[in-house]
Each structure stands twice: as C-alpha cells, then as structure tokens.
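Below is one structure, written out as structure tokens; comments come after it.
Any value given below was found using the heavy atoms of this structure, including those in side chains, with hydrogens, waters and symmetry copies removed. So that the names make sense, note that chain A is the first sequence line, chain B the second, and so on, each numbered from 1.
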There are 2 protein chains.
Amino acid sequence: MTSAEMLMEKGIRPSLTRVMIYEYLLSHRTHPTVDEIYKELSPKAPTLSKTTVYNTVKLLSQAGVIKMLTIEEQQARFDACTDHHGHFLCNGCKKVYDFDVDVPCDTLPQGFTALTKEIFYTGTCKKCSK
Amino acid sequence: MTSAEMLMEKGIRPSLTRVMIYEYLLSHRTHPTVDEIYKELSPKAPTLSKTTVYNTVKLLSQAGVIKMLTIEEQQARFDACTDHHGHFLCNGCKKVYDFDVDVPCDTLPQGFTALTKEIFYTGTCKKCSK
DNA sequence: TAATAAGTTTGTAATGAATACATTATAAAA
DNA sequence: TTTTATAATGTATTCATTACAAACTTATTA
C-alpha cells in the first residue's frame, strides 16, 4: 500500500505536502522534531511553511498515523512507527533510540481506559558510555 | 526524618524556600506545574519569584529528591514520590493519576544504561468515562 | 565585631516552541 | 465558469523556560 493510500484509509486527503511529510517520517526513523522536518524538506519544497509542518503532524498524530513523543524536552518528536516500543534518550548524544519492551500488564484501576501508552527511558547509550 | 534533613542528606542546604517547595510537593500529590506551585505558595511567601521555583525544582530533580514528568504537554510537572510508578493523564479532566505497574523487564540493548524510567498512559479516567 | 566570601533569591529581559488567525492558493462540485 | 470546501502560508502572539545581573542572606575569617 502506498503512503497516500494509508492516509486515505484514515480519512486524510493525501495532498503532496502531507504525503511528503509522512514519507519523510517513514524513511527517517530518527524521531525528528518539527524544526528538523522543516529544515530537511525546505530545499525540496521552498514554499513550505513551518506552520504547515505543525498542522500536518498534528493531523497525522490525531489520526493515529504517526506518534508524538515527549521525552524530558520542550520539543515534541515524531515517529511514523506506531507499534508499541520503548524510547531511550541518551543524555550524552541526545539521540532517541527505539527498544523492545515487554508491555507491562495493565494494572489500571477499574473504569480507566488507556488510549496511548509510552515507555521512556533516559540514560547513556553504548557509544557514549565508552 | 524531617524534610530539611532529607535535603541535607542529598547535599542541599535546606533554605526556607527550598523546604517550603519540597514540603508542598510532599503534601500535594497532584503533580503540579511550576506555575501552580508558584501560585499556591505566593500568598505565604509574597516575595517568592517564579525563577526561584524553576531553580528549586531543577535542583531537587537533579538531586533525585523529586521527579520531573513530561506527559504530552509543554509544561513540566513535578512529583515528590520518586518510587517507580506509572502516570495516567486523563484527556477529559486533564488530571494526572498514579498507578502501579509491573516494571517491564529490562530489554535494553547491550551497553545501554538507564538512569530514569517513565511509563505514561493517556486516556479516560473513571469519572470522565461516565 | 567588621570584612569578606559563598551561597540564595529575585526581577527583567531574552529565547524559542507552539498556536491563532487571516490571507492566499489549490482542488472539487455545481 | 462560478462557487464552495479544503490546504497551505506568513505574521503576530502566547507562554514556558532560561540567561543574567543585581540584591539579599548566611557562613567564614581576621
């Protein structure tokens, strides 16, 4: 399935801009910020506005096509992989790594229903601990 | 042990301001923001500055006396309970609840060492789902 | 005690992520 | 075409956070 079709499935009209941003996130699993997305795509799309990037990632997040990450930072990051996995922020190089986690058994109190689940670690990655 | 002694144990000089902020967090498990802490304590301490609140929560967080939470929001929240437990943000009432979790087995790749671990859920709480 | 140093607190100004909003552009429908 | 809806853009604003310097307090030394 093309990325345009994936957007349509979620009721999002696959405009050029939206597909471009979505495909960037699909092909760059670096958990980029809005600013990084904007800077990377600007050369290809000189008229792109940062506001458009904000609008688009908000739209895609709300549709569940991408995932928003908030890890001990002021800047949100985005991830096209919506599977359940953990994120590890290295305090040294500031990179965000993915890692698998045993999803903890749901021990939410009666009557609580979870929509999103996030597992965030911070620490030191392999490279930086040398 | 008094809260002042707890601060001293961590090498923090227990000034009036610091003890006041720490005790506020100990007695109010509502995960308040800097702004909320400031507004609550201002009447008692009219000369208190918001900068001081920022400085103090940073100091206490770095010493591990309190914990900083970042859940899908731009504003950081603070918690005097540093035990391992999960946080649940209700999309309805915007309150943050604590809940117990089975700490997931550490499946971090070789060479990675975790300093902090966070488990954040969002969804609907009991009251709001009625 | 006074003088000095070290640590705390404060307020203002600056930074920068995110949003509001109005305008322009593009696409779909009549 | 004309009209209508949807997308994209840019500017201005909001607001959490930080930088920084000045004022204040506490501890130390002479």
Side-chain angles (χ1 to χ4, degrees), chain A residues 3-4 7-8 10-24 31-63 65-79 89 94 96, chain B residues 3-4 7-8 10-24 31-63 65-79 89 94 96:
Chain A
S3 42
L7 295 184
M8 285 173 76
K10 298 279 185 171
I12 296 171
R13 283 179 55 193
S15 71
L16 266 185
T17 310
R18 288 171 179 172
V19 171
M20 175 181 65
I21 290 172
Y22 183 41
E23 289 191 340
Y24 178 78
H31 316 88
T33 63
V34 162
D35 204 61
E36 284 163 359
I37 298 170
Y38 173 72
K39 287 205 175 110
E40 285 295 315
L41 296 180
S42 270
K44 287 178 213 164
T47 72
L48 182 65
S49 159
K50 208 182 261 189
T51 304
T52 301
V53 181
Y54 273 108
N55 289 341
T56 305
V57 292
K58 192 177 190 179
L59 185 76
L60 299 183
S61 294
Q62 283 169 348
V65 178
I66 65 173
K67 214 171 168 184
M68 193 178 89
L69 312 180
T70 327
I71 321 182
E72 305 231 340
E73 287 190 79
Q74 289 149 250
Q75 253 181 111
R77 293 170 173 276
F78 298 88
D79 190 348
L89 169 69
K94 301 295 175 190
V96 176
Chain B
S3 43
L7 295 185
M8 285 173 75
K10 299 279 183 168
I12 295 171
R13 283 178 57 192
S15 71
L16 267 186
T17 310
R18 288 171 179 172
V19 170
M20 176 181 64
I21 291 173
Y22 183 41
E23 289 191 341
Y24 179 79
H31 316 87
T33 62
V34 162
D35 202 62
E36 284 163 359
I37 298 170
Y38 173 72
K39 287 205 175 110
E40 284 295 314
L41 296 180
S42 271
K44 287 178 212 161
T47 71
L48 181 66
S49 158
K50 206 181 266 189
T51 304
T52 302
V53 181
Y54 272 107
N55 289 341
T56 305
V57 292
K58 191 176 189 179
L59 186 75
L60 298 183
S61 295
Q62 283 169 349
V65 178
I66 66 173
K67 212 172 168 183
M68 192 177 90
L69 312 180
T70 326
I71 322 182
E72 304 231 340
E73 287 191 80
Q74 290 149 250
Q75 253 181 110
R77 293 170 173 275
F78 298 88
D79 190 349
L89 169 69
K94 300 294 174 191
V96 176

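- A pairwise comparison of heavy atoms in A:Val53 and A:Ile21 identifies CA-CD1, 4.1 Å as the closest pair.
- The footprint of chain B on DNA chain D, defined by a heavy-atom cutoff below 4.0 Å, extends from D:dA16 to D:dA27.
- Among the protein residues, B:Thr47 comes within range of the sugar-phosphate backbone only, with heavy atoms under 4.0 Å from sugar or phosphate atoms but none that close to a base.
- A donor-acceptor pair is defined here as one N or O able to donate and one able to accept, closer than 3.5 Å; such a pair exists between the side chain of B:His31 and the backbone of B:Val96.
- The two residues B:Ser3 and B:Val19 have their closest heavy-atom pair at OG-CG1, 3.9 Å.
- Residues meeting the ring pair (Phe, Tyr, Trp, His ring centres under 6.0 Å) test with B:Tyr54, sequence neighbours left out: none.
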Expected string for nucleotides 12-20 of chain C under the B/S/- scheme (protein heavy atoms, under 4.0 Å, primed atoms plus P, OP1, OP2 as sugar-phosphate) is B----SBBB
Short N/O separations, protein against nucleotides 4-8 of chain C, under 3.5 angstrom:
residue : atom : partner : partner atom : Å
C:dG7   : O3'  : B:Arg13 : NH1          : 2.9
C:dT8   : OP1  : B:Arg18 : NH1          : 2.8
C:dT8   : OP2  : B:Arg18 : NH2          : 3.3
C:dT8   : O5'  : B:Arg18 : NH1          : 3.4
C:dT8   : O5'  : B:Arg18 : NH2          : 3.4

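- Taking all atoms of both residues into account, the shortest heavy-atom contact from A:Lys10 to A:Ala63 is CD-O, 3.6 Å.
- Regarding A:Met20, its CE atom lies at a distance of 15 Å from the C1' atom of C:dT26, rounded to whole Å.
- Summarising the geometry of B:Arg18 relative to B:Arg13, their closest heavy-atom pair is NH1-O, 3.1 Å, with the distance given to 0.1 Å.
- Residue pairs meeting the salt bridge (charged side-chain N to carboxylate O under 4.0 Å, His left out) criterion with at least one member in residues 65-79 of chain A, sequence neighbours excluded: A:Lys67-A:Glu118, A:Glu73-A:Arg77.
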Enumerate donor-acceptor pairs with a distance under 3.5 Å from any side-chain N or O in residues 34-43 of chain A to protein atoms, sequence neighbours excluded.
residue : atom : partner : partner atom : Å
A:Asp35 : OD1  : A:Lys50 : NZ           : 2.6
A:Asp35 : OD2  : A:Lys39 : NZ           : 2.7
A:Glu36 : OE1  : A:Thr33 : N            : 3.0
A:Ser42 : OG   : A:Tyr38 : O            : 3.0

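- For the pair A:Leu89 and A:Lys94, the tightest heavy-atom approach, listed with the atom from each and the gap, is CD1-O, 3.6 Å.
- At distances below 3.5 Å, not a single donor-acceptor pair connects side-chain atoms of B:Thr52 with backbone N or O atoms of B:Leu48.
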